[in-house]
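Protein chains get the first letters and strands the later ones, always in sequence-line order, with residue 1 at the start of each.
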Protein chains: 2
Amino acid sequence: MNAIPIGKLSVATDVNIETIRYYEREGILPLPKRSENGRRIYFEEDVRRLNFIHKCRGLGFSLKEIRGLLSLVDTGDFTCGEIHALTIEHTRQIAEKIENLRRMQEVLLEMAAHCSKGKVPDCPIIDSLYE
Amino acid sequence: MNAIPIGKLSVATDVNIETIRYYEREGILPLPKRSENGRRIYFEEDVRRLNFIHKCRGLGFSLKEIRGLLSLVDTGDFTCGEIHALTIEHTRQIAEKIENLRRMQEVLLEMAAHCSKGKVPDCPIIDSLYE
DNA sequence: TGTGCATCCTGTAGTAACTACAGAATACAG
DNA sequence: CTGTATTCTGTAGTTACTACAGGATGCACA
């Protein structure tokens with residue numbers, strides 16, 4: 001139920017119409033149902049999946065990596081060991097991303113704070129991401 | 001001191017040599033000194049800057065956005081108000097990225113935990129990034 | 001019941017951010 | 001001093017979009 005055309009999906013997810021069709025060609029979005037006249041029809045599930053893909057892209061995951069994440073849910077027949085192998089590397093990667101962002105955040109906030117006290121900031125931002 | 005050639009910079013930062021030259025062409029890395037025979041010479045500062053750029057890219061920032069972040073440190077003549085304007089939007093964006101990653105992390109860990117108890121996971125991962 | 005503007009279709013071409021390769025010069029280890 | 005490694009410039013290919021072009025269909029409104 002609640003069928004929507006590609007334009008509405010685009011607005012709902014803030015993903016460009018052409019990008020949606022590109023994801024379809026790439027097999028990262030499933031082939032949607034079509035209306036009698038060949039127009040694509042989407043449902044709530046597609047909105048969720050596309051939101052997920054879009055946010056992952058914004059977090060620096062490649063389409064290949066996203067395919068890997070989606071495979072966790074697309075096929076329900078992974079063994080326990082496989083799930084572990086797939087999630088462990090991803091959680092490690094995510095933890096690292098969070099840590100890097102946390103450091104950037106810290107330095108930016110500090111910068112703004114110093115600044116508001118009238119001090120000209122010097123240059124700690126770059127070091128913040130250097131291990 | 002401690003001058004290194006492009007190959008060492010590439011190894012030190014895990015950034016492809018061709019990508020380093022590409023960043024130079026794009027003006028995101030400064031034109032380096034050259035040896036007598038025209039070979040690029042880098043220093044510790046370049047390692048830090050390139051590490052920063054590389055990590056930002058891995059966190060989903062575009063080169064344009066990274067240019068904006070670097071401008072905070074490249075020119076020391078921002079006014080306090082400008083620093084605030086630039087940092088506030090960035091910190092908002094970073095907070096959002098952290099929150100999205102945190103949710104993904106939670107769901108992946110939960111998935112692995114359920115799995116290790118022998119339960120077949122169903123499908124919460126996609127919802128985790130759906131507001 | 002027309003009619004005109006919005007939305008959709010396919011297909012192709014352009015852009016951003018790399019990445020790889022060709023062909024030549026220089027560095028340096030044994 | 002000779003051969004393998006590294007660097008150089010320049011160009012072409014790849015990934016992930018993004019923007020048309022040209023045509024068909026949908027739908028609000030007179």
Look only at the side chain of A/Arg102 and the backbone of A/Glu106, and say whether a donor-acceptor pair between them is shorter than 3.5 Å.
no
Expressed in angstrom and rounded to an integer, what is the separation of B/Leu50 atom CG from C/dA17 atom P?
16 Å
Sub-3.5 Å donor-acceptor pair from the side chain of A/Arg49 to the main-chain atoms of A/Ile53, do we have one?
no
Using nucleotides 23-25 of chain D, report all nitrogen or oxygen pairs with the protein that are shorter than 3.5 Å.
residue	atom	partner	partner atom	Å
D/dT25	O3'	A/Asn37	ND2	3.3
D/dT25	O2	A/Arg39	NH2	3.2

Tell me: CG of A/Leu9 to C1' of C/dC8, nearest whole Å?
14 Å
I'd like a table of donor-acceptor pairs (distance under 3.5 Å, sequence neighbours excluded) in which one partner is a side-chain atom from residues 16-25 of chain B, with atom names and distances.
residue	atom	partner	partner atom	Å
B/Asn16	OD1	B/Glu18	N	3.1
B/Glu24	OE1	B/Arg40	NE	2.7

Taking salt bridge (charged side-chain N to carboxylate O under 4.0 Å, His left out) as the test, write out the residues that go with A/Glu26, two or more places apart.
none
Using a cut-off of 4.0 Å between protein heavy atoms and nucleotide atoms, how would you tag nucleotides 13-20 of chain D 5' to 3' with B, S and -?
---BBBBB
Stepwise side chain to side chain contact (heavy atoms under 4.5 Å, CB included) test for B/Leu59 and A/Asn100
CA-CA 8 Å; B/Leu59 295 167; A/Asn100 281 328; 3.9 Å; yes
What is the separation between atom NE2 on B/His54 and atom P on C/dA17, rounded to the nearest whole Å?
16 Å
Heavy-atom closest pair (B/Lys97 atom, A/Leu101 atom, distance to 0.1 Å) is CB-CD1, 3.6 Å
Would you check if A/Tyr42 and A/Ile6 make a side-chain contact, meaning some heavy-atom pair closer than 4.5 Å?
yes
Output a table of nitrogen or oxygen pairs between the protein and nucleotides 28-30 of chain C separated by less than 3.5 Å.
none

Below 4.5 Å, heavy atoms only, C-beta onward: do B/Ile94 and A/Leu108 meet side chain to side chain?
yes
Could you check how far NZ of A/Lys8 sits from P of D/dG26, rounded to whole Å?
16 Å
Side chain to side chain, B/Cys56 and B/Ile66, heavy atoms closer than 4.5 Å:
yes
Pairs in or reaching into residues 86-95 of chain A: which pass side chain to side chain donor-acceptor pair (under 3.5 Å), with residues at least two apart or in two chains?
A/Glu65-A/Gln93, A/Glu89-A/Arg92, A/Arg92-A/Glu96
Return the value, rounded to whole Å, for the distance between atom CD1 of B/Ile17 and atom P of D/dG10.
17 Å
Take atom CZ of B/Arg40 and atom P of C/dA25, then tell me their distance rounded to the nearest Å.
18 Å
Could you check how far CD1 of B/Ile6 sits from P of C/dT26, rounded to whole Å?
18 Å
Given 3.5 Å as the limit, does a donor-acceptor pair link the side chain of B/Thr13 with the main chain of B/Leu50, or not?
no
Can you tell me the distance, in whole Å, between the CD1 atom of B/Ile20 and the P atom of C/dA17?
17 Å
